[in-house]
Each structure stands twice: as structure tokens, then as C-alpha cells.
> 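If you scroll down you'll find the structure; I have some questions about it.
All chains are named by letter (A, B, ...) in the order of the sequence lines, taking the proteins before the strands, and each is independently numbered beginning at 1.
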Number of protein chains: 2
Amino acid sequence: MAATIKDIARVAGVSTATVSRVINNLGGYNEETEKKVMAVSKELGYRKNENARSLVQKSTNTIGVIMPDVTTAFYGDIIKGIEDTSYEYGYSVILTHAGSHGSRIHESMNLMGERRVDGLIIVSVELHESAIQSLTSLGIPYILISTKTDREDTPYMKVDDYSAAYTAVKYLIEHNHRTIGMAGANPHDPIAGEPRMNGYKQALQDYGIKVDLNLIKSGGFNFESGKSAMQAFIEDEAAVTAVFCASDEVALGIISTCYENEIHVPNDISVVGYDNSKVSHMSVPPLTTVAQPLYDMGREGCFEVIAAIQNKSKIESKVIPHELVVRKSVKTVV
Amino acid sequence: MAATIKDIARVAGVSTATVSRVINNLGGYNEETEKKVMAVSKELGYRKNENARSLVQKSTNTIGVIMPDVTTAFYGDIIKGIEDTSYEYGYSVILTHAGSHGSRIHESMNLMGERRVDGLIIVSVELHESAIQSLTSLGIPYILISTKTDREDTPYMKVDDYSAAYTAVKYLIEHNHRTIGMAGANPHDPIAGEPRMNGYKQALQDYGIKVDLNLIKSGGFNFESGKSAMQAFIEDEAAVTAVFCASDEVALGIISTCYENEIHVPNDISVVGYDNSKVSHMSVPPLTTVAQPLYDMGREGCFEVIAAIQNKSKIESKVIPHELVVRKSVKTVV
DNA sequence: GAGTATTACGTAAACGTTTACGTTACGCAT
DNA sequence: ATGCGTAACGTAAACGTTTACGTAATACTC
């Protein structure tokens with residue numbers, strides 16, 4: 001139905017080669033033919049077929065993005081960074097979810113392979129051996145954002161969760177907190193769970209505070225997990241004066257349950273979050289949190305992938321500096 | 001580099017037609033050849049090339065999604081609905097942002113055209129005449145989610161903003177509020193601004209309350225807009241006992257500024273939001289809001305588009321019922 | 001045992017491009 | 001006049017599939 005290059009060639013009385021040349025303006029034709037071809041092209045409502053193009057050029061100008069199926073503001077920022085950058089460089093992004101707990105990860109990668117994406121960005125999903133194999137077998141540049149593997153050769157871009165957690169807890173200690181809980185990290189998650197928990201523990205130890213495992217309420221990174229953690233603290237009658245959360249949403253869960261129980265933040269209890277996602281501005285009180293520069297990570301990660309595609313260069317792993325954003329959810333204990 | 005159907009054919013000693021047949025299992029071959037072909041296929045690490053496939057089949061099994069470049073939880077839910085459904089039906093989604101105020105809308109559509117997406121979903125971006133033309137000129141099924149045009153023939157799926165707003169304000173009135181502010185809608189936005197404002201006004205009028213234009217603080221749908229609206233109410237010394245917000249984020253802005261000024265929600269002032277996005281659960285207090293079923297809208301919208309692709313049927317516009325979700329941000333005036 | 005269906009393939013064109021290579025015509029220097 | 005360079009094209013193959021059509025062999029019918 002849609003007009004093709006052949007149609008233009010026929011109507012304009014030139015060869016398809018010439019049409020292709022003027023459309024991609026490669027030169028090698030005079031002005032008259034250019035005008036003519038352009039005119040016919042408009043007239044027929046021609047629109048180039050990227051698929052056909054990709055076929056011969058062996059590159060699709062497309063980058064794939066795989067992310068978990070949870071929808072949090074967290075991912076929105078990263079995605080935006082990715083999309084902005086890819087747009088700038090003339091790439092399209094094709095998006096897929098990895099399913100809960102990465103259940104769809106293999107299909108996702110397979111799909112990306114069949115679509116012949118030029119590069120791949122994987123956000124926040126934990127990759128096991130077989131997934132890594134699928135990934136490398138694609139033979140295209142890729143980067144992991146906010147996740148990593150235990151293999152040296154898979155490039156990633158993330159903050160150092162251990163020291164970010166350490167920073168947050170240290171901050172609480174410096175504000176005279178001595179009974180500090182932790183909420184929301186899954187200790188079996190080697191990427192974002194375990195290191196944050198270790199950072200928490202180490203900070204306590206370095207300041208001579210004994211780690212009390214009862215003060216660690218593990219769970220997921222979501223709001224509900226924060227709520228039930230706080231519920232547990234209350235039921236335990238734990239004397240926590242502060243809690244460090246594995247994500248901003250967890251922190252909001254803590255705050256929410258506090259509110260329900262008429263515990264005031266930060267007067268009765270201090271809270272620090274993790275991510276500096278949009279919700280951290282919006283909470284009451286505004287949340288003190290350790291910042292991951294999500295948008296920039298998306299941007300830079302995407303840039304790295306595109307650079308690797310174009311220069312056939314290797315992508316180096318990169319640890320992004322974190323930063324503590326101080327707002328109003330922490331109070332000094334007197 | 002990657003193995004093709006031809007490689008398989010050569011190694012397996014059959015024709016490409018046969019390889020194609022077994023790979024797409026269309027029948028017409030005996031078990032032995034099937035085994036053979038499959039074996040060789042695995043051996044060579046064959047992966048089909050969707051682009052080549054698309055070229056001859058004249059369909060890409062791809063659906064395009066265009067959304068604004070603002071990143072809110074709002075879009076996350078819709079996207080998830082879309083991606084889940086398209087995955088179920090074997091479609092891939094290619095995503096693009098329309099840029100601020102739709103500045104990239106033409107490029108976006110053009111891109112979708114060049115990629116030959118089979119269907120298109122446009123979320124929340126306002127479409128002017130020329131954009132509608134680009135859209136229809138693609139000649140593919142499409143649907144607008146959470147937006148519409150003034151033309152009858154562009155199918156959309158959205159809640160009735162007018163009556164949703166009416167419902168919300170009526171709820172406030174029934175709780176004895178008489179001085180009700182409105183925050184965050186842009187009156188020049190004919191899709192989501194004007195109707196919500198009209199619903200607000202009409203509800204007041206129907207209950208014999210005079211509309212006071214000073215109580216309408218227009219703006220965007222974001223957090224900051226809510227903050228400055230509340231700031232304005234305070235500076236005006238307006239005696240509002242409640243404010244109806246054009247989005248949940250605006251509502252959180254209101255609450256945030258209230259908090260800073262030691263105005264208590266809902267004791268001093270009641271707030272109702274709009275969207276029922278994830279943040280509405282997380283606020284303190286939890287937000288009473290009018291719900292748009294975002295995930296379902298994404299799901300259903302995507303389903304409609306796929307159905308239209310496959311049956312060549314027409315998509316009907318659909319008004320989604322709204323619902324008031326009562327939480328804790330509204331108090332009865334005594 | 002002649003005719004007919006059916007099974008199991010193979011051949012080759014087609015999808016819409018790009019691009020290496022060839023060709024023509026002209027301009028210009030010698 | 002000869003040679004050469006170059007601008008402005010055209011020819012045709014190639015990219016990796018699908019699929020209409022043809023064909024050979026076998027099975028079945030009466």
C-alpha cells in the first residue's frame with residue numbers, strides 16, 4: 001500500500017539507486033533530479049521502511065531495555081534518561097519487562113535478539129549464570145544499570161550500595177542515634193540487599209554499636225514492606241530511634257505506619273531512605289535519603305552503549321558516586 | 001555472523017523452504033527432517049531475524065507507544081498494562097516520548113511510521129490538527145489513552161474528567177465543606193484541565209455555592225504546582241477548608257506545604273486527589289482520590305489495538321467509569 | 001493396474017532497501 | 001585528436017525471510 005522507493009523511481013523516471021541517494025542525501029546527482037525525486041516522494045507520501053533498511057545495513061538503530069515488572073518512580077527516571085539519549089543519537093528503544101523475579105528474562109533476551117537490537121540495557125534485574133550466557137551470546141554491547149553480576153566481564157553502572165548504606169547509617173549515628181533499625185532489604189539479594197545490609201552492620205560496628213538482628217526487618221523494596229517492618233518494630237516494642245530503609249518507598253511505608261500509630265517522624269523516630277526518587281520530595285516530612293542519580297545513570301548508560309556500538313569499543317564498569325540528600329526526616333537525639 | 005536459514009539448509013541438506021517450515025512448525029515434513037533441522041539449528045545457534053520476517057509478512061508484530069516526557073507513577077502503571085498485554089499476544093513495544101508539550105510529537109509519529117509499527121497507543125498527549133493528520137496518515141489502528149481530540153473519529157479511552165471532578169467536589173460538599181479550592185489544572189488544557197475545572201464549578205453551583213475564581217489556582221499536574229497553589233492560598237489568607245486537586249501529585253504538594261506551615265490534613269484542611277496512582281497510598285495521611293484504573297486502561301487499550309490489527313476492526317471510544325477511593329485526607333466539617 | 005490423493009519436499013520470486021560496480025557523457029589538459 | 005578525470009547516473013546483487021507453485025514418490029481406491 002505505502003509507496004516504495006521503486007514507485008518513486010518509476011514516477012520520477014530514475015533508478016532506485018538514485019532515489020536512495022537523494023533520500024539519504026549522499027550526493028552524486030544534480031539539483032534537478034533532486035527536486036524531482038523529492039517532489040514525487042512528497043506526492044506519493046513516501047515513508048522509508050526502517051526494517052528493509054536494517055536488513056541490508058545489518059543494524060537496526062535500536063536499543064533494547066529490559067526492566068523488572070514493578071512500576072516505581074525509580075524506573076521512570078532511568079527510562080527517561082535512556083530514551084532522551086537514544087533519541088538524541090537517532091536510536092529507538094524497545095522495552096520489555098523481565099517479569100516478576102526475572103521469570104521472563106530469557107524470553108526477553110530472545111526477543112531482543114530476534115529484533116536484532118544493536119545494544120541492550122538491563123535495569124535492576126538479577127542475572128544468573130544461564131541468563132548471562134544468553135546475554136553474551138547475543139554478541140552486542142550491553143550494560144547493566146543498578147545491578148551487577150559476580151563475573152568481572154559484565155559491565156555495569158551502579159552506586160556502591162555497601163558504602164552508600166554505610167554513609168546513611170553513619171549519618172544517623174552522628175546524630176546520636178544508637179538503636180537503629182533496618183527495613184526492606186532482602187539478604188538473599190546479592191546485588192541490592194546484602195551489600196546494603198552489610199554497610200548498615202559495618203557502620204554500627206565501627207562506632208561500637210552491637211548489631212541486633214531483631215532490628216533488621218527484611219523484605220522487598222516496596223511500600224508494603226516498609227509498613228510491615230514498622231508494624232513489626234511496634235509489636236516488638238523495639239526501642240528504635242531511627243530506621244534506615246532500603247528504598248524510598250520502604251521509608252514511606254515506615255512513615256505511613258508511624259502516622260497510623262501516632263508516632264511522629266522525625267520527632268519520635270528518624271527515617272532515612274534510599275534512591276532519592278521523586279517520592280522522596282513528596283513525603284511528609286520530606287525524606288532524607290541517599291541519592292542515586294537515576295536519570296543520569298540512564299543517560300550515561302545509554303550513551304556508553306551507543307558509543308560501544310559505534311566504536312566497537314568495550315564498556316567499562318563504573319561505580320557512580322552517591323550522595324546523602326538531607327531533608328527533614330532525621331532529628332538529632334538529645 | 002549469525003547463522004541464517006540458508007546456513008541451516010546447507011548443513012542439514014534441505015531447502016530453505018523446509019527449514020522455514022519446521023522452524024515455524026507449519027507441517028509438511030516428516031519427523032526425521034524435523035529432528036535434523038532442529039539439531040542443526042541449535043548447533044549453529046540460529047536465531048530468527050524478525051526484521052527479515054517483517055519485511056515479507058508486511059507486519060512487524062510491534063506496537064508503538066508515545067507518551068509525554070514527564071515521569072510520574074501515572075505512566076508507569078499504564079505502560080505496565082500495555083507491556084503485559086502486548087507480551088501476552090506476542091507483540092513488542094517500542095516506546096518514545098513526545099517531548100515537553102508534545103514538541104517531538106511529529107518526529108515520534110514519523111519514527112513509528114518508519115518502524116512500521118502495527119498499531120499505536122498515545123498516552124496523555126494533546127493532539128492538534130496537524131498531529132491528527134500525521135496520525136491517521138499512518139493508516140494503522142491506534143487509540144488515545146487518557147486524552148482525546150475534538151474529532152469524533154479518533155478513538156480514545158479515558159474517564160469522564162468532568163463528572164469525575166464533579167464526584168470529588170460533591171463528596172467534599174457532602175462533608176459540609178463550603179469553601180473549596182481547586183489546584184493544579186490548566187484551564188487552557190482542553191483534555192484534562194478545562195473539564196475538571198468545569199466539573200468543580202458545576203458541583204459548587206448545583207449546591208448553591210458561589211464560584212470564587214480566586215480559589216482556583218491553576219498550574220500543572222506536578223508536585224510543585226501543588227506546593228505553590230497552597231502557598232498562594234496561605235498568602236491570600238483564603239479560608240478554604242478543602243481543596244480538590246487535579247492530580248495526586250498536586251495533592252501531595254498541597255499536603256507538603258501544609259505540613260511546612262503546620263496546617264494539619266485533614267483536621268485543618270481536607271484534600272482530594274485525582275488518579276489513584278501509587279503515591280496516593282503512600283501519602284500521610286493516605287489520600288482520598290478519584291481513581292482512574294490506569295493499569296487496566298493500559299491493558300484494555302492495548303488489547304483493543306491488537307484486536308483491531310488482527311480483525312481489521314474499528315476501535316470504539318470508551319469512557320471508563322471512575323470511582324472515588326476514600327482514604328483519610330478528608331474530614332467532615334462540623 | 002490405472003488413476004487420484006497425499007505427503008514431503010524443492011524452486012524461485014518477492015518484500016524494500018543499500019551499494020559495489022559499470023557506464024555514459026562531458027570537460028579539460030596535452 | 002587523444003587521454004583522463006569526474007559527475008551523474010543505472011544495473012543488479014545482496015540482506016534473511018516467506019510462500020505460491022511445481023514435482024516426485026508413495027499410498028489409496030475401485
> If we ignore hydrogens and angles and just use 3.5 Å, is the side chain of A:Ser41 paired with the main-chain N or O of A:Val37 as donor and acceptor?
no

> Can you check the A:Gln57 CD to D:dA13 C1' distance for me, whole Å?
16 Å

> When we call it a touch if two heavy atoms are under 4.0 Å apart, what does A:Asn51 touch: a base, just sugar-phosphate, or nothing?
nothing

> For A:Asp84 and A:Tyr295, what are the C-alpha separation, side-chain angles and deciding distance, and is it a side-chain hydrogen bond (donor to acceptor under 3.5 Å, both in side chains)?
CA-CA 10 Å; A:Asp84 281 355; A:Tyr295 177 79; 2.6 Å; yes

> Where along nucleotides 5-12 of chain D does protein come under 4.0 Å, by heavy atom, of base (B) or sugar-phosphate alone (S), with - for untouched nucleotides?
---SBBBB

> Looking across every strand, which nucleic acid part, if any, lies under 4.0 Å from B:Lys48 by heavy atom: base, sugar-phosphate, or nothing?
sugar-phosphate

> Given atom CD1 of B:Ile23 and atom P of D:dT18, what is their separation to the nearest angstrom?
7 Å

> Write down the distance between CZ (A:Arg47) and P (C:dT17), rounded to a whole number of angstrom.
12 Å

> Can you tell me the distance, in whole Å, between the CG atom of A:Leu55 and the C1' atom of D:dG16?
5 Å

> Whole Å only: how far is the NZ atom of B:Lys36 from the P atom of C:dA8?
19 Å

> Would you say the side-chain atoms of A:Asp118 pair up with the backbone N or O of A:Thr60, donor to acceptor, closer than 3.5 Å?
yes

> If I take atom CD in residue A:Glu114 and atom P in nucleotide D:dG16, what distance separates them, rounded to the nearest angstrom?
15 Å

> Is it the case that the side chain of B:Thr33 and the backbone of B:Tyr29 share a donor-acceptor pair, with hydrogens and angles ignored and the cut-off at 3.5 Å?
no

> How bent is the helix from C:dG1-D:dC30 to C:dT30-D:dA1, measuring the angle between the end axes built from five pairs each, rounded to 10°?
50°

> For D:dG16 and A:Lys58 - does any side-chain N or O of the residue sit under 4.0 Å from the phosphate oxygens OP1/OP2?
yes

> Round to the nearest Å and state the distance from A:Asn49 atom CG to C:dA14 atom P.
18 Å

> Heavy atoms only, 4.0 Å cut-off, all strands: where does A:Thr4 land among base, sugar-phosphate and nothing?
sugar-phosphate

> Could you state the atom-to-atom distance from CD of B:Glu50 to C1' of D:dT18 in whole Å?
12 Å

> Using the side-chain contact (heavy atoms from CB on, under 4.5 Å) rule, take B:Asp77 and B:Lys80 through it: C-alpha gap first, then chi angles, then the decisive distance, then the call.
CA-CA 5 Å; B:Asp77 286 335; B:Lys80 181 158 149 57; 5.6 Å; no

> Would you tell me whether A:Asn51 and A:Ser54 have side-chain atoms, one donor and one acceptor, within less than 3.5 Å of each other?
no

> Can a side chain N or O of A:Asn24 be found less than 4.0 Å away from OP1 or OP2 on C:dT18?
yes

> Go through it in stages, so that I can follow the logic: the residues are B:Thr149 and B:Thr154, the test is side-chain hydrogen bond (donor to acceptor under 3.5 Å, both in side chains), and I'd like the CA-CA distance, side-chain angles, deciding distance and then a yes or no.
CA-CA 7 Å; B:Thr149 71; B:Thr154 58; 2.5 Å; yes

> Would you call B:Arg104 and B:Glu107 a salt bridge, using N to O less than 4.0 angstrom?
no

> So do the side chains of A:Asn61 and A:Ser92 get within less than 4.5 Å of each other, counting heavy atoms only?
no

